[in-house]
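The block underneath contains the structure these notes are about, expressed in structure tokens.
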Amino acid sequence: MQLVVARIGRAHGIKGEVTVEVRTDEPELRLAPGAVLATDPSSAGPLTIATGRVHSGRLLLCFDGVADRTAAEALRNTLLIAEVDPEELPEDPEEFYDHQLIDLDVVTRDGTAVGRITEVSHLPYQDLLIVARPEGGDVMIPFVAEIVPEIDLEEQRAIIDPPPGLLDETQAEIASNCEES
């Protein structure tokens, strides 16, 4: 099974280093020197990681055969893809691979059906579960413990505790009311 583990950003310096947007909870395993990664678009790879380092909070990678800024810039927005055994599970029991979450039924704590997970959207500060509603349309559910307290892989369901307004905007609560002076 193939998993997207990073997206290449802009070139850094003149020696072929690139910034990467990490999309894995295990960068030390998936993005280590010597790792060979497939790419999307496939014409850019495969790429072998030569070196990696953290600079100002960003991961910088250098690939074999990418020796200058021009070659590094040509890789911008390329997705890095690792081959993973489908039976492999993350080390942390509170972490999940996207393929484990796709197609899970989503229900509230009281058992009310919400829909089915169709996609996991990885944003810089949190992930979103994209859930197809049975009546049509999608709802985006922040994948945080307060809202998604339980993932039950055996029962193939995600149990959510949605705040008012997440599933039905008519139930939204106004946090504050600004008065005009």
Can you confirm whether Thr48 sits close enough to Phe63 that some side-chain heavy atom of one is under 4.5 Å from a side-chain heavy atom of the other?
no
Would the number of heavy atoms belonging to other residues, nucleotides or ligands and lying under 6.0 Å from CD1 of Ile14 be above 12?
no
Worked verdict on Val131 versus Asp138 for side chain to side chain contact (heavy atoms under 4.5 Å, CB included):
CA-CA 5 Å; Val131 178; Asp138 292 335; over 6 Å; no
Minimum-distance pair of heavy atoms, taken over all atoms of Ala158 and Ile117:
CB-CD1, 4.2 Å
Test of understanding: clusters of I, L, V, M, F, W, Y form through side-chain heavy atoms closer than 4.5 Å, transitively. Do Val66 and Leu79 belong to the same one?
no
Between Ala11 and Ala72, the two heavy atoms sitting closest are CB-CB, 3.9 Å
Check the pair Leu166 / Ile141 against side chain to side chain contact (heavy atoms under 4.5 Å, CB included), numbers first and verdict last.
CA-CA 8 Å; Leu166 181 66; Ile141 298 176; 4.3 Å; yes
Heavy-atom pair with the smallest gap, counting every atom of Leu167 and Pro162
CD1-CG, 3.7 Å
Please check if the side chain of Arg133 supplies one atom and the backbone of Val114 the other of a donor-acceptor pair under 3.5 Å.
yes
With a 4.5 Å cut-off on side-chain heavy-atom distances among I, L, V, M, F, W and Y, is there a chain of contacts connecting Ile160 to Val120?
yes
Hey, quick one: are Leu31 and Val4 part of the same hydrophobic cluster, counting side-chain heavy atoms closer than 4.5 Å, chains of contacts allowed?
no
Got a sec: does the CD of Glu135 have more than 12 other heavy atoms crowding it under 6.0 Å?
yes
In one Ile/Leu/Val/Met/Phe/Trp/Tyr side-chain cluster, 4.5 Å: Val107, Leu153:
no
Would a 4.5 Å heavy-atom cut-off, applied to side chains only, mark Asp161 and Thr108 as touching?
no
Any non-hydrogen side-chain atom of Leu47 less than 4.5 Å from a side-chain atom of Ile49?
no
State, with a plain yes or no, whether a side-chain heavy atom of Leu61 is found less than 4.5 Å away from one of Pro33.
no
Provide the closest heavy-atom pair for Ala44 versus Leu75 in the form atom of the first, atom of the second, distance.
CB-CD2, 4.0 Å
Point-to-point distance, once rounded to the nearest 0.5 Å, from CG of Leu104 to CD1 of Ile159:
10.5 Å
Measuring from atom CG of Leu101 to atom CG of Asp127, what distance do you get when rounded to the nearest 0.5 angstrom?
9.0 Å
Could you tell me the separation between the CD atom of Glu155 and the CG atom of Asp105, rounded to the nearest 0.5 Å?
10.5 Å
Using modelled atom types and a 3.5 Å cut-off, is there a donor and acceptor pairing between side-chain atoms of Ser42 and backbone atoms of Thr39?
no
Applying the side-chain hydrogen bond (donor to acceptor under 3.5 Å, both in side chains) test to Glu17, which of His12, Arg69, Arg53 qualifies?
Arg53
If I take atom CZ from residue Arg30 and atom CD1 from residue Ile81, how far apart are they, to the nearest 0.5 angstrom?
13.5 Å
Using every non-hydrogen atom in the two residues, find where Thr78 and Pro41 come nearest and quote the distance to one decimal.
OG1-CD, 4.2 Å
What verdict does the side chain to side chain contact (heavy atoms under 4.5 Å, CB included) test give for Val18 and Val20, after you've listed the backbone C-alpha separation in whole Å, the side-chain angles of each residue and the deciding distance to 0.1 Å?
CA-CA 6 Å; Val18 295; Val20 293; 4.3 Å; yes
Using every non-hydrogen atom in the two residues, find where Ala132 and Thr118 come nearest and quote the distance to one decimal.
CB-CG2, 3.7 Å
Can you get from Leu80 to Val36 by hopping between Ile, Leu, Val, Met, Phe, Trp and Tyr side chains that sit under 4.5 Å apart?
no
Separation between CG of Leu37 and CD of Gln2, rounded to the nearest 0.5 Å
10.5 Å
Going from OG1 on Thr51 to CG on Leu60, what distance comes out if it is rounded to the nearest 0.5 angstrom?
9.0 Å
Working note: Phe96 + Ile151, criterion side chain to side chain contact (heavy atoms under 4.5 Å, CB included); need CA distance, chi angles, decisive distance, verdict.
CA-CA 9 Å; Phe96 303 93; Ile151 298 291; 3.5 Å; yes
